[in-house]
Amino acid sequence: MEETNVVESKDGTIYAAPAFTGHQEAVQDRDLKFLSKAVEEAYSGVNCGHGGPFGAIVVRNDEVIASCHNMVLKNMDPTAHAEVTAIREACNKLGRIELSDCEIFASCEPCPMCFGAIHLSRIKRLLYGAKAEAAIEIGFDDFIADALRGTAYYQKANLEIKQADGRGAVNAEQVFQNTKEKFKMY
């Protein structure tokens, strides 16, 4: 019987991993293989003029379900980031909005929008290559919180954000109560 290493993370999550020789190396090799495909997508997107240097792939059971790059310029869609595009494609291919049996590999640390899409799709694992600072250094600054605070280096938010007062807010909130029986998500 093989030995098991039990590790507790800072957030209290407990992980059990087989301690057999080569396990970590096999995981690293697998991760490198899929991350390399995401990086290839990033180059592909730039080379064909579709958008910035970002790539992402969605994997299920070691099979690539979706392989995408940034499509912002091609689609004239500021939400067509590589991760969002890959999630959309994977959901369409699998015929569902929940991807809890999938992983996503991204060439760069996801922006808040992409992280939100990853979270909402219930993807079980995210592995990214470059830190966000690498993208920020060449002009990509998608840190929404920094933009809203006005501390972003490249982008300043020129946007007023305000919740509706009175009846407008009440009407908007009622839609959730009035339709809750129609939505059993997961």
Taking all non-hydrogen atoms of both residues into account, name the closest pair between [X] and [Y] and its distance.
X    : Y    : answer
A82  : F54  : CB-O, 3.5 Å
H69  : C48  : NE2-SG, 4.1 Å
A86  : C68  : CA-SG, 3.6 Å
I118 : P110 : CD1-CG, 4.0 Å
A117 : V84  : CB-CG2, 4.0 Å
C102 : I123 : O-CG2, 3.3 Å

Using modelled atom types only, decide if a donor and an acceptor are shared between the side chain of H50 and the backbone of N47 within a distance under 3.5 Å.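 Looks like no, no N/O pair under 3.5 Å.
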Salt bridge (Lys or Arg N to Asp or Glu O under 4.0 Å): which pairs involve residues 64-88, sequence neighbours left out?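 Every pair satisfying salt bridge (Lys or Arg N to Asp or Glu O under 4.0 Å) with a residue in residues 64-88: D77-R88.
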Would you mind listing every salt bridge (Lys or Arg N to Asp or Glu O under 4.0 Å) that reaches into residues 32-58, with sequence neighbours excluded?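 Applying salt bridge (Lys or Arg N to Asp or Glu O under 4.0 Å) to every pair that reaches into residues 32-58, excluding sequence neighbours, yields nothing.
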Among residues at least two apart in sequence or on other chains, which ones pass side-chain hydrogen bond (donor to acceptor under 3.5 Å, both in side chains) with [X]?
X    : answer
E89  : none
E181 : none
N92  : none
N171 : R167

Step by step, work out the side chain to side chain contact (heavy atoms under 4.5 Å, CB included) result for D31 and R125. CA-CA 11 Å; D31 286 351; R125 182 171 183 253; 2.7 Å; yes
Could you walk me through whether C111 and H81 pass side chain to side chain contact (heavy atoms under 4.5 Å, CB included), step by step? CA-CA 9 Å; C111 74; H81 291 195; 3.5 Å; yes
In Å and rounded to the nearest 0.5 Å, what is the OH to OG distance from Y128 to S107?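 Between atom OH of Y128 and atom OG of S107 there are 12.0 Å.
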Using the side-chain contact (heavy atoms from CB on, under 4.5 Å) criterion, which residues pair with A90? Sequence neighbours excluded.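 Per chain and number, A90 pairs via side-chain contact (heavy atoms from CB on, under 4.5 Å) with V58, I65, A66, L99.
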My understanding is that only residues two or more places apart in sequence, or in another chain, count here; which of them pass side-chain contact (heavy atoms from CB on, under 4.5 Å) with A134?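 So A134 forms a side-chain contact (heavy atoms from CB on, under 4.5 Å) with A130.
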Mind checking who shares a hydrophobic cluster with V59, ILVMFWY linked at side-chain heavy-atom distances under 4.5 Å?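 Members other than V59 - counting any ILVMFWY side chain reachable under 4.5 Å - are F34, L35, I57, V64, F105, L127.
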Please write out which residues are connected to Y43 in a hydrophobic cluster, directly or through intermediates, given that two of Ile, Leu, Val, Met, Phe, Trp, Tyr count as joined at side-chain heavy-atom separations below 4.5 angstrom.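 Hydrophobic cluster check, Y43: joined to V39.
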Inspect the contact between R122 and D101 and indicate whether a charged nitrogen and a carboxylate oxygen are less than 4.0 angstrom apart.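 No, this pair does not count.
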Under 4.5 Å between any side-chain heavy atoms of [X] and [Y], yes or no?
X    : Y    : result
I138 : P53  : yes
L126 : E103 : no
M113 : T79  : yes

Could you note down all residue pairs passing side-chain hydrogen bond (donor to acceptor under 3.5 Å, both in side chains) where residues 54-66 supplies at least one of them, sequence neighbours left out?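 Matches after skipping sequence neighbours: R30-D62.
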